[in-house]
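The structure appears below as structure tokens.
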Amino acid sequence: MSDLAIEALLDDKHPLKVETAEWARAELSKGDRVSTDRDSVFAADDWKRCAARGLQGLLVAEEFGGQGRDIISALLILEGLGLGCRDNGLTFAIGSQIVSTQHAIEEFGTAEQKQRWLPGLCDGSLYGSFAITEPDSGSDPFGLSARAERTGDGSYRLSGRKSYITLGSVSDVVVIFASTDPDAGRWGLSAFVVATDTPGVELQPNREKMGLRTTPFGDIVFDGAVVEDAERLGPEGAGAAIFGATLDAERAFVFATHIGAMERQLDETVAYARTRTQSGRPIGGYQAVSHRIAEMQLRHETSRLLLYKAGLLVANGRPSTMAAALVKLAASEAAVASALDATLVHGAKGYVSEFEVERELRDAVGGLVYSGTSDIQRNIIAGLLGLG
Ligand SMILES: Cc1cc2nc3c(=O)[nH]c(=O)nc-3n(C[C@H](O)[C@H](O)[C@H](O)COP(=O)(O)OP(=O)(O)OC[C@H]3O[C@@H](n4cnc5c(N)ncnc54)[C@H](O)[C@@H]3O)c2cc1C
């Protein structure tokens with residue numbers, strides 16, 4: 001194990017994390033967060049501030065405009081971002097672009113595709129999305145109906161609707177999956193990296209949602225959009241392998257910011273339980289309250305250990321599908337359970353919007369759904385155990 005990985009596991013106040021958290025606290029999400037959440041306002045200026053600090057480019061090679069960081073450093077920095085920035089919608093959008101769109105382009109793209117898209121995605125001038133889900137195909141991505149038909153002159157005609165796409169309503173570029181050979185089932189799926197100003201591509205308006213309301217989110221419609229051979233990502237028929245590998249990375253790492261947010265919530269809940277008194281005692285002196293907070297600590301710590309274990313496996317080129325499913329399942333369910341505990345510890349203050357506790361609960365629920373629901377993670381884990 002590398003020294004950095006040992007430090008990351010043993011020192012939850014690692015300087016990379018703490019420095020990022022201090023910067024995020026000072027620079028990000030300084031306006032009225034209750035109204036920006038209510039009105040689903042995306043913090044475009046904060047997005048650019050993060051890019052100027054190199055956050056979107058953490059894992060991208062320097063030749064394509066990134067920082068070329070190792071995975072453990074990147075996780076520490078993303079954890080610090082989630083710890084310091086109270087806008088979970090912003091931090092989720094950044095994490096999602098890094099681990100899905102950018103990861104897919106860097107891992108599977110040609111030199112031209114990387115050069116065309118990665119510098120702009122890293123410097124904050126472009127938004128990228130990753131689109132598999134359709135109105136009738138979610139947990140079963142092999143059931144997707146988007147089609148990319150050969151035109152006979154070396155291009156494809158792309159048709160279909162992608163739904164519930166993170167950054168979908170503002171995307172400049174989308175990695176989209178469609179069938180190039182419906183008779184071949186999963187072996188007939190292909191990936192494309194497409195500019196959204198291509199004629200026949202239409203971004204739909206932001207869809208209002210329960211939580212992560214400041215993340216732009218929407219459908220993308222493809223209506224006979226002509227895309228060139230050079231816009232295909234990987235070979236024809238490699239779509240399932242590309243989204244399988246990308247979803248593994250997403251499941252393993254997208255919770256880094258949220259695990260940071262869980263630590264912030266834990267710190268604030270401890271502070272509240274120490275200072276709020278009822279019947280002449282701090283409420284943290286009541287076992288019912290202190291045990292709830294002890295569970296929050298346990299959930300945070302286990303999620304964090306699973307995150308860094310997944311990071312170590314990926315950094316060492318080891319199989320990581322089991323670890324990715326475990327961290328996704330554990331962290332998403334922990335985030336919801338701990339946000340509910342924080343709400344309960346805060347009493348009515350936890351329930352009203354102005355104290356910003358209930359928002360954390362709403363923000364956490366989406367984690368049970370994106371990157372595959374909890375049921376799907378359990379299916380993956382059971383399948384790897386030889387069951388089902
Ligand atoms: C905040 C957020 C961001 C998202 N971002 C993106 C994005 O950027 N790109 C993208 O492509 N998609 C995105 N999605 C969509 C997400 O990936 C899908 O919603 C998810 O895969 C579930 O699909 P579904 O909504 O169609 O539900 P369904 O697949 O219809 O599932 C409904 C219910 O049935 C259960 N179920 C279905 N099949 C099985 C099974 N085989 N075994 C056990 N239970 C099963 C599910 O667990 C769930 O409880 C996002 C969703 C959210 C909420």
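Just so you know, ligand 1 is whichever comes first in the structure, and atom 1 is the first atom listed for that ligand. Count residues from 1 along the sequence.
Of all protein heavy atoms, the one lying nearest to atom 14 (N) of ligand 1 is Tyr164 O, 3.2 Å.
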Under the side chain to side chain contact (heavy atoms under 4.5 Å, CB included) rule, what do Glu356 and Val34 come out as? Steps first, then yes or no, please. CA-CA 7 Å; Glu356 305 187 51; Val34 174; 4.3 Å; yes

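Within a 4.0 Å radius of atom 38 (N) of ligand 1, the protein contributes one or more non-hydrogen atoms. The presence of a protein heavy atom under 4.0 Å from atom 20 (C) of ligand 1 is confirmed. Within a 4.0 Å radius of atom 34 (O) of ligand 1, the protein contributes no heavy atom. Within a 4.0 Å radius of atom 2 (C) of ligand 1, the protein contributes one or more non-hydrogen atoms.
At a heavy-atom cutoff of 4.0 Å, ligand 1 is contacted by no atom of Thr215, backbone or side chain. Residue Ile132 touches ligand 1 through backbone and side chain together, judged by heavy-atom distances below 4.0 Å. Residue contacts with ligand 1, taken as heavy atom pairs separated by less than 4.0 Å, involve Phe130 solely via the backbone atoms N, CA, C and O. With a 4.0 Å cut-off on non-hydrogen atoms, Asp140 does not touch ligand 1 at all.
Cation-pi geometry between Lys328 and Tyr370 is met: the NZ or CZ atom falls under 6.0 Å from the ring centre, inside 45° of the normal.
Between Gly367, Gly138, Ser96, Ser171, it is Gly138 that holds the heavy atom closest to atom 23 (O) of ligand 1.
Within a 6.0 Å radius of NZ in Lys309, no more than 12 heavy atoms belonging to other residues, nucleotides or ligands are found.
For the pair Asn379 and ligand 1, the shortest N or O to N or O distance falls below 3.5 Å.
No side-chain donor from either of Glu208 and Ser40 sits under 3.5 Å from a side-chain acceptor of the other. Donor-acceptor pairing under 3.5 Å is lacking for the side chains of Gln56 and Gln102.
Residue Asp375 has at least one heavy-atom neighbour below 4.0 Å for each of these atoms of ligand 1: 35 (C), 43 (C), 44 (N), 46 (C), 47 (O), 49 (O). Proximity to Ile376 (heavy-atom distance under 4.0 Å) selects the following atoms of ligand 1: 39 (C), 40 (C), 41 (N).
In this structure, CG on Asp37 lies 9.5 Å from CG on Leu212, to the nearest 0.5 angstrom.
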